[in-house]
Undergrad: 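Quick one: structure below, then a few questions.
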Amino acid sequence: KKSPGLPLPPGPPRIPFLGNALDIDITEPHATYARWGHQYGEIIYSRLLGQDYIIVNSEKVARTLSDTRRSAVYAGRPQLSIYKLLGLEYSTAMLPYGDAWRVHRKLFHQTLRSDAAVKYQPIYMSKAISLVQNLLQDGAAPNLETILQAFVATTVLSLTYGYNIESQDHPVVKLVQTLNNMLSKEGTPEKSALFETFPFVKYLPSWIPGLGFLGRLATCRRLTKEVWDQPFEYTKGEVAAGTAPQSVVADFLTSNQEDKGNQPCQELEATMKAAAATVYLAGAETSSSVLHTFILAMILFPEVQEKARAEIDSVVGEDRLPTFGDRDSLPYIEAIICETMRWHPPVPLGIPHATTTDDVYQGFRIPKGVIIIFNEWAMSRDCVNPDHFDPGRHLLPTGELSPNARMSGSSSFGFGRRVCPGRFFAEGVLWAAFVQILATLRFSKATDASGHPVEINPVFTNGVTSQPAPFQLSITGTARAQLIDKYESL
Ligand code: HEM
């Protein structure tokens, strides 16, 4: 719809050139946008340097815009120069709305839709068992972040490519972790804004003082290519030899061979590589952030931890570990997962969408190409006492799970046609980890030399994904922990 006469949504006053750049708290932009929401309403217009933004703070509005007949209008992605500079322009999450993106989503649908993700359950469970073993071994002075990152790295590489890696020192783990660390440092919104405002910067030589990051961007592009190619070629070889275990890439290759009766064409293979590499980029930090947040919440709200263990004891008994077969009988565990996603959404501002055509919403003009920010953090605050971790929000008075309470339905997975295709997969990985952790481990505050608990100030990191800043803790085993070693021999 062309509607030049209509006003843009309301928003804070802007100054020439910088727009609202000076109004935003860069350590917590989601909180700034939420405050604007209280002042200007559910949908806000803002301008940062040369770029127009619409910020949506309400889940109801986000769903109205992206889950209805308008869904195609809100399914675009901004085409920012930084994606190309980092070598990410072919990643599923950055593709414009169109045919190439549809092929990616079809591949994900084949292997990761809700019923297909179920077949990875044995992998989810055995990786969760290794996680609790590692946490228990390290209980005295746990290096939580390293253990969680290793869990996620080995799990995602096993599920995506069929790698059976236990050690974080494996070259492929090192490769993807180096790339992820570089991407989060070099792919910041500030650098993105710099390239959008001064496009010529990317043509300058990196030896100019202050432009050393141009050289690091080139390294990112090289590493991205390696992450694209290396693990994929490994799985392709295993599939050809008939020795490939179950994995997303093995599924991609075999289901597309079956369709065509021969090897997938080169173009489809390139698409598979890009989609598979997106799994690590999109799934690793997000999943480890959820686990990290969960452990923090269990320490700050010990009554939740106790109640969860009591539920596991009553349903599972004391002489075995929980299995996926117990899942429907453990509504409180399910509610803890939903509450973890709500208490601190791992991607507070989602991944930006962009409009594919002009639109009109409630009398406001929404121009084509404008960047749409779904503020998942603001949406998570729209409840009574939002800072309190209360799984009861997701339960009926009878103790059963509320009809819509499922982790994969959380607004923290985004909206509309761009909703996270890995949500069922993430739900499986995280359910297995949560339930085994609660069944076998007890978390508490660390104690200082004089035996006093070390208080925790819950602070979260800032970036595309957000997780708790490091905190001290103590981990001990419950009576059921002795079953962990037996599980290995099953
Ligand atoms: C708890 C873990 C995860 C969280 C919180 C999460 C969250 C998100 C969010 C917020 C988006 C953007 C949605 C939007 O634009 O509206 C997204 C996109 C995406 N996620 Fe996830 N994700 C998680 C795990 C995963 C996993 C395990 C995979 C792969 C198996 C994955 C694959 C993707 C892909 C491919 C996209 C891009 C979709 C597109 O642009 O069409 N994610 N995710």
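What's counted below: heavy atoms across the whole structure, side chains too, no hydrogens, waters or symmetry copies. Note that ligands are numbered from 1 as they come in the structure, with each ligand's atoms numbered from 1 the same way. By convention here, the first residue in the shown sequence is residue 1.
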Undergrad: Measure the NE2-OG distance between His344 and Ser380 for me, rounded to the nearest 0.5 Å.
TA: 8.5 Å
Undergrad: Any chance CZ of Phe232 has more than 12 other-residue heavy atoms, nucleotides or ligands included, within less than 6.0 Å?
TA: yes
Undergrad: Tabulate distances under 3.5 Å between N/O atoms of ligand 1 and N/O atoms of the protein, writing both atom names on each line.
TA:
residue  : atom   : partner : partner atom : Å
ligand 1 : 15 (O) : Arg77   : NH1          : 2.8
ligand 1 : 15 (O) : Arg77   : NH2          : 2.9
ligand 1 : 15 (O) : His353  : NE2          : 2.8
ligand 1 : 16 (O) : His353  : NE2          : 2.7
ligand 1 : 16 (O) : Phe415  : N            : 2.9
ligand 1 : 40 (O) : Arg77   : NH2          : 2.9
ligand 1 : 40 (O) : Arg418  : NH1          : 2.8
ligand 1 : 41 (O) : Trp101  : NE1          : 2.8
ligand 1 : 41 (O) : Arg105  : NH1          : 2.8

Undergrad: Would you say the side-chain atoms of Arg417 and Ser71 include a donor-acceptor pair closer than 3.5 Å?
TA: yes
Undergrad: Please check if any side-chain donor atom of Glu196 sits under 3.5 Å from a side-chain acceptor atom of Ser81, or the reverse.
TA: yes
Undergrad: Could you tell me which non-hydrogen atom of Asp251 sits nearest to which non-hydrogen atom of Lys119, and how far apart they are?
TA: OD2-CE, 2.9 Å
Undergrad: State which residue, out of Arg365, Arg47, Lys368, fulfils the salt bridge (Lys or Arg N to Asp or Glu O under 4.0 Å) condition with Asp52.
TA: Arg47
